[in-house]
Amino acid sequence: MEKGKLMGFKPTRRAAALVAAGLVSTLALAACASTDEPAAGSTGSGGGKEVTLSLVAYSTPQAAYEKIIAAFQKTDAGKNVKFTQSYGASGDQSRAVAAGLPADFVEFSLETDMTRLVDAGLVDASWNTDEHKGMVTDSVVSLVTRKGNPKNIKSFEDLVKPGVDVITPNPFSSGAARWNIMGAYGSQTQTGKSEADATAFLANVLGNVSVQDDSGRAALQTFTGGKGDVLISYENEAIFAQQNGQDVDYVVPDNTLLIENPAAVTSSSKHPKQAKAFLDFVRSDEAQKIFAENGYRPVSESADTAGQDFPTPPGLFTIQDLGGWAEVATKFFDPDKGIVTDIERKLGVSVEK
Amino acid sequence: MASSTTVGGAGVSLLGAPPAPPATPSRRRPLHGKGKAIGLSLVMTYLSIIVLIPLAAVVWHSQSNGFSGFVHAVTTPEAASTLKLTIYSSILVAAINMVMGTAIAWVLVRDKLPGRTFLDTLIDLPFALPTIVAGLALLTVYGPNSPLGVNLAYQRAGVVVALLFVTLPFVVRTVQPVLMELDTEMEQAAASLGAGPGTIFVRIILPNMFPAMAAGTALAFARSMSEFGSTVLISGNIPFQTQVASVHVYNQLESDNVAGAAAVSTVLLIVSLVVLVALDMLQRWAARRG
């Protein structure tokens, strides 16, 4: 027994040395890989006429972009431009680009995802200086109900009635949920209520929330799957659901939040001319009409809304009215000290067990 | 086994070939030295690249706000609640798997059921299915529109069912080969000496199966601790009720709290490591006793 133990000890020490050797060789490999990269990159830029742009966007506008790209490629500016496309959760996409995913054109659901790239030096700070302040699509926070609106939901105030089962995604993982929550909060502060009252109201809304999916699209699936009386969602998601034959209605509350989705050309783009031409096309009336067909409100006033009814609610407010995303993100959604974090903790304590 | 080698060894010595014994060690020794070192360094380099360095990075990130930051991140009410739910449901899932997995392995090996090969193939399917699809499938069958009238969605029970689905193969696949190797002669001998079926199971079958059961259970537990895809849909992610640790980690990442995410992940790693080591020790102890 004693001998066996001693013999067992030797290989362990050798193994430790080998782990060290392994680590060293890995680091060496990593160093080689990183020195190779710029060399490989520089050969890519000297191509012929045809260029490939990398489009990185959040998930919901995928259908619209596929049509917009096809239309762009029919124009003179877009004739020789090919695209690679990547769609995913807005925050994930933004972090991926910040971490090195090559991108020429980016669109996100939240301005904070764009700000991250500005901070990383990947998007020029002047991205939001055009006439639409960098935004390419709009929408409004709306309330999706069952067909015929059996619970008679008209406004955010109806969400706090007892027995109303509310679905909204989790605000810590979903950008969509942040728009929803700020819509509910702003419906109070923008109609003269105090911040304390609005916070209490928000706690009541969240108290009626029975499912908090990780994304806006997952929440829509939960709702169309039969759970809940009302889903807080983008207007374009409600239109998407109706276009897909789901039995839902939606209401645009009188007091609600304007959703604005930013897009930009990256400063790391190897084809800035073509990428800029694409961004200009995305803002053109032709592309804006395609967005409208897919349920988004065009930012361009002159664009055809493709027969969609986009009523302007009398009490429409913007995120700027609530302090802007930079302030809202820390004040409400700081994972430790945010107002919403605090509300969920208080609700949690009462429901736990 | 042991007796057959002695017989062979005796046979060699009976033939009386003196040059043979020194030849064997001299041919083997270089393999033991250099060959073993190459093998070990290959394995360790590979393990470092694939496992050790990434895990070290997680632990390293978890300490980026210092130890107090780490403690704070894992003791916030949300983190504590999700960790508690995850650990409790993983223990429950591991225990159910230990019993049911063994029972399934037993049926697959010992009972000559018709359609046994079909069942045998079925066991591995939870591994093949993307876990998010598993979650969606479970939601369809046991959700609000359940055709069976069973609604487990958005409750803790739903989380447990999802974890049971995903971890089913572990115990079955570790116990099955052991049962196949197990010599029924031992059981027959015991029976001939007057042991009842209960005694045979407890004294002969269980001690032989136990190391495999422990190994499979440990794997099922570790997997449950980290499971994301299948639980993210069916749990409904309600904070303090059904939110599991991996979803909490995802939320922290989405909220740009990388240190907090790494801290909770580190706790998951430590708990899994403790359970893996504990079950390994238990298995060794049982093997020594058996």
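Computed from heavy atoms alone, side chains included, the values below leave out hydrogens, waters and symmetry copies.
The nearest pair of heavy atoms linking A/Ala89 to B/Tyr250 is CB-OH, 4.4 Å. Across all their heavy atoms, B/Asn237 and A/Gln212 have their closest contact at CB-O, 2.9 Å. Of all non-hydrogen atoms in A/Ser210 and B/Ile238, the two that sit nearest each other are O-CD1, 2.8 Å.
Side chain of A/Ser173 to backbone of B/Glu254: no donor-acceptor contact under 3.5 angstrom is found. Side-chain N or O atoms of A/Arg95 include one that pairs as donor or acceptor with a backbone N or O of B/Leu253 at under 3.5 Å.
Interface remark: of the candidates A/Pro335, A/Gly338, A/Gly226, A/Pro335 forms the most heavy-atom pairs closer than 4.5 Å to chain B.
Between B/Leu139 and A/Gln221, every side-chain heavy-atom pair lies at or beyond the 4.5 Å cut-off. With a 4.5 Å cut-off on side-chain heavy atoms, A/Arg345 and B/Glu78 count as touching.
A/Asp336 touches chain B through its side chain: at least one heavy atom from C-beta onward sits under 4.5 Å away, while N, CA, C and O do not. Proximity to chain B (any heavy atom under 4.5 Å) is restricted, for A/Asn170, to the side chain, taken from C-beta onward. Contact annotation for A/Thr112: neither backbone nor side-chain heavy atoms come within less than 4.5 Å of a heavy atom of chain B.
Around the CZ atom of A/Phe332, the shell of radius 6.0 Å holds more than 12 heavy atoms that belong to other residues, nucleotides or ligands.
Residues satisfying the side-chain hydrogen bond (donor to acceptor under 3.5 Å, both in side chains) test with A/Thr222, not counting sequence neighbours, are A/Asp213. Partners of A/Asp342 by side-chain hydrogen bond (donor to acceptor under 3.5 Å, both in side chains), not counting sequence neighbours, listed by chain and number: A/Lys346.
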